[in-house]
Amino acid sequence: MNISGHAKLAGVMGWPISHSLSPRLHSYWLHQYDINGAYVPLPVAPDNLEHALRALSSLGFRGVNLTVPHKESALLIMDTVSDIARRIGAVNTVFVTDDGKLSGTNTDASGFIENLRLNAPKWQAKSGAAVVLGAGGAARAVVAALIDAEVPEIRVLNRTMEKAEQLAETLKGPIKIVDWANRDTALEDAALLVNTTILGMINQPQLEVSLDALPKTAVVNDLVYAPLETDLLANARHLGLHTVDGLGMLLHQAVPGFEGWFGVRPKVTTELRDVVLASV
Ligand code: ATR
């Protein structure tokens, strides 16, 4: 630990916050780059969010990450909001500017696409349709990233179809809504499958889907990281498909925040993965 009176401060606000992996992740980088700084968990109840965010400047904080349940409500509190955060409808990274203003952005879309490109280098946005399962906050970030990458067709399937329709309405782009019941056939000719639902996570039901229709060149990315190898990824691997696990997006979405608060662009390494995995 290298914390003096000059330490740069950041943290993560959530309610509850004890499950968050972010303090371990950012503390690893602070140690690795020998930075005089600290990144702390900040338990903030929903009713106190505005108060807590407004206090950051007086407390000398350079900013925070936001997690459940604050990402959406923070949009209205920020002084400025980036285009991507507005499109996704959620803020996950806040910077306190030199004049004490709150600037909100969302790094989930860039975290998703950077992780995908690094871990599935053969995947090309133009190689074919993408299938996205789910229509929550994570799905909105994934679909925004896929639109920006110029994927020609994005098939969105969600148990509650109205949520998929809302997503399509706000994000626009080449989105095709497919009935949740047609998961198996929606995979025909697809180059990418992304699971953004909670299905397959520890203590949740399994994701029931047959991957038989996916071309052999397709990539399967599960955003679930507990367990790291979900049944979906195991099935994909057995079929010889390229798989990408959910931990990478979590690590990559943290990079811009750390860089903005602490002044160093940190690297996502295997050692970092191991450190974070040890606490999953
Ligand atoms: P996040 O912000 O992490 O995306 P979320 O907004 O709670 O989380 O979204 C969870 C996703 O998992 C949703 O797409 C949800 O589907 P609904 O919109 O129908 O709720 C999906 N999900 C959760 N439980 C599910 C289940 N048992 N079967 C199918 N989908 C499920």
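Whatever order the structure lists them in is the order used to number ligands and atoms, beginning at 1. Scope of the values below: all heavy atoms of this structure, side chains included, with no hydrogens, waters or symmetry mates. We're numbering straight along the sequence, starting at 1.
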Give a yes or no on whether the backbone of [Y] and the side-chain of [X] come within a donor-acceptor separation of less than 3.5 Å.
X: H70; Y: V44; result: yes
X: N158; Y: A135; result: yes
X: N92; Y: N65; result: no
X: D245; Y: L228; result: no
X: R183; Y: E208; result: yes

For ligand 1, what N or O to protein N or O distances fall under 3.5 Å?
unit_1   : atom_1 : unit_2 : atom_2 : d
ligand 1 : 2 (O)  : G137   : N      : 3.2
ligand 1 : 4 (O)  : G137   : N      : 3.2
ligand 1 : 4 (O)  : A138   : N      : 3.0
ligand 1 : 14 (O) : A135   : N      : 3.0
ligand 1 : 14 (O) : N158   : OD1    : 2.6
ligand 1 : 16 (O) : N158   : OD1    : 3.3
ligand 1 : 18 (O) : N158   : ND2    : 2.8
ligand 1 : 18 (O) : K163   : NZ     : 3.0
ligand 1 : 19 (O) : R159   : NE     : 3.0
ligand 1 : 19 (O) : T160   : N      : 3.0
ligand 1 : 19 (O) : T160   : OG1    : 2.4
ligand 1 : 20 (O) : R159   : NH2    : 2.8
ligand 1 : 27 (N) : R159   : NH1    : 3.2

Legend entry - Of V151, I154, T170, T196, the residue whose pairing with V143 passes side-chain contact (heavy atoms from CB on, under 4.5 Å): I154
